[in-house]
Amino acid sequence: MALNVVMLEEGTRHPIPLPNENFLYHCSGVKFELKSGDGYPGDSVTLQSDSGTAFVSNQRIVFLPVKTTHKTSTGNSTQGALNSFTIPHTNLKDQRFVQPLFGANRFEALALPVVGGSITGPTKLALSFKEGGGFDFATVARKISERIQETGEAPPHEEELPGYDNTTQPVTSERNALPAYPDEAPPGYEQLDTRR
């Protein structure tokens with residue numbers, strides 16, 4: 001996982017795809033929370049954003065916040081510490097979709113660090129879907145993770161098949177010709193005809 005490294009398309013808040021990457025689903029109105037440490041004062045850090053857009057691709061999960069806050073276990077906070085978050089599917093463990101009785105549905109997972117990333121230890125990732133779409137997001141993420149477990153690598157793409165195109169093609173005279181049937185029966189069939 002890495003913070004603030006996602007490249008964005010010019011003039012938009014959409015991530016630029018990596019080589020062989022297809023974005024399969026995105027959802028806005030998502031609350032982001034990343035907790036590291038064991039909860040002891042001075043040892044844990046929480047990064048959070050109350051609203052943003054979550055993307056799932058065939059290679060990674062990306063979160064782009066609208067407004068961010070960086071909080072430590074002592075309660076200090078600073079604005080703008082989180083501009084983007086990305087994690088490959090191979091570094092997500094124990095994924096689950098939580099549907100609480102009260103509150104928004106959540107996608108939760110244990111996020112393992114990426115070599116060269118800005119976070120060094122395992123963290124707890126939680127995406128809360130305040131405006132819906134959490135089930136679809138979690139389903140796509142789960143399918144990609146299962147496929148990676150089966151094959152050992154990220155699939156090149158995970159797209160829907162194209163729709164049926166009902167255009168008529170010109171019919172050639174060969175297609176209209178009736179099949180040619182033999183004039184005689186195969187050997188041995190004459191005997192069957194004489195028994196009747």
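FYI, the numbering just counts along the sequence from 1.
- Residue Val5 belongs to no hydrophobic cluster, having no ILVMFWY side-chain heavy atom closer than 4.5 Å to its own.
- Hydrophobic clustering, with ILVMFWY side chains joined whenever heavy atoms are under 4.5 angstrom apart, keeps Tyr25 apart from Leu18.
- For Phe107, the ring pair (Phe, Tyr, Trp, His ring centres under 6.0 Å) test picks out Phe137, with sequence neighbours left out.
- Side-chain heavy atoms closer than 4.5 Å link hydrophobic residues (I, L, V, M, F, W, Y) into clusters, and following such links, even through other members, never connects Phe97 to Leu24.
- Looking at Gln95 and Ser145, their side chains do bring a donor and an acceptor atom within 3.5 Å of each other.
- For residues 98-108, every residue pair satisfying the side chain to side chain donor-acceptor pair (under 3.5 Å) rule, not counting sequence neighbours, is listed here: Arg96-Glu108, Arg106-Glu108.
- When atom types are taken as modelled, the side chain of Gln59 and the backbone of Asn20 share a donor-acceptor pair closer than 3.5 angstrom.
- Ser28 is not listed as a side-chain neighbour of Val30, based on a closest heavy-atom distance of 4.5 Å or more.
- The minimum heavy-atom distance linking Ser51 with Gly29 is given by the pair OG-CA, 4.2 Å.
- In the hydrophobic clustering, Phe55 connects to Val6, Leu8, Phe23, Val62, Leu64, either directly or through intervening members, whenever side-chain heavy atoms lie under 4.5 Å apart.
- Closest non-hydrogen pair, Cys27 versus Gly132, comes out as SG-O, 3.0 Å.
- Surrounding CD of Glu10 are at most 12 heavy atoms belonging to other residues, nucleotides or ligands under 6.0 Å away.
- Side-chain heavy-atom separations under 4.5 angstrom define the hydrophobic clusters, and the remaining members of the one that includes Met7 are Ile16.
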Set out, in order, the CA-CA distance, both residues' side-chain angles and the distance that settles side-chain contact (heavy atoms from CB on, under 4.5 Å) for Thr53 and Arg13, then state yes or no. CA-CA 9 Å; Thr53 304; Arg13 290 285 294 164; over 6 Å; no

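- Between Arg60 and Glu21 there is a salt bridge, since at least one side-chain N of the basic residue sits less than 4.0 Å from a carboxylate O of the acidic one.
- For the pair Asp94 (side chain) and Leu110 (backbone), a donor-acceptor distance under 3.5 Å is absent.
- The shortest non-hydrogen separation linking His89 to Ser57 is NE2-O, 2.8 Å.
- A donor-acceptor contact shorter than 3.5 Å is absent between the side chain of Ser128 and the backbone of Lys130.
- Taking Phe63 as the reference, Phe32 meet the ring pair (Phe, Tyr, Trp, His ring centres under 6.0 Å) condition, with sequence neighbours excluded.
- Distance check, rounded to the nearest 0.5 Å: CZ of Arg147 to CD of Glu150 gives 8.5 Å.
- Under a 3.5 Å cut-off, the side chain of Glu33 and the backbone N or O of Lys124 do not form any donor-acceptor pair.
- Shortest non-hydrogen contact noted between Leu127 and Ala54 is CD1-CB, 4.3 Å.
- The shortest non-hydrogen separation linking Ile87 to Leu112 is CD1-O, 4.0 Å.
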Pair Thr86, Ile61 - check side-chain contact (heavy atoms from CB on, under 4.5 Å), show working. CA-CA 6 Å; Thr86 183; Ile61 289 178; over 6 Å; no

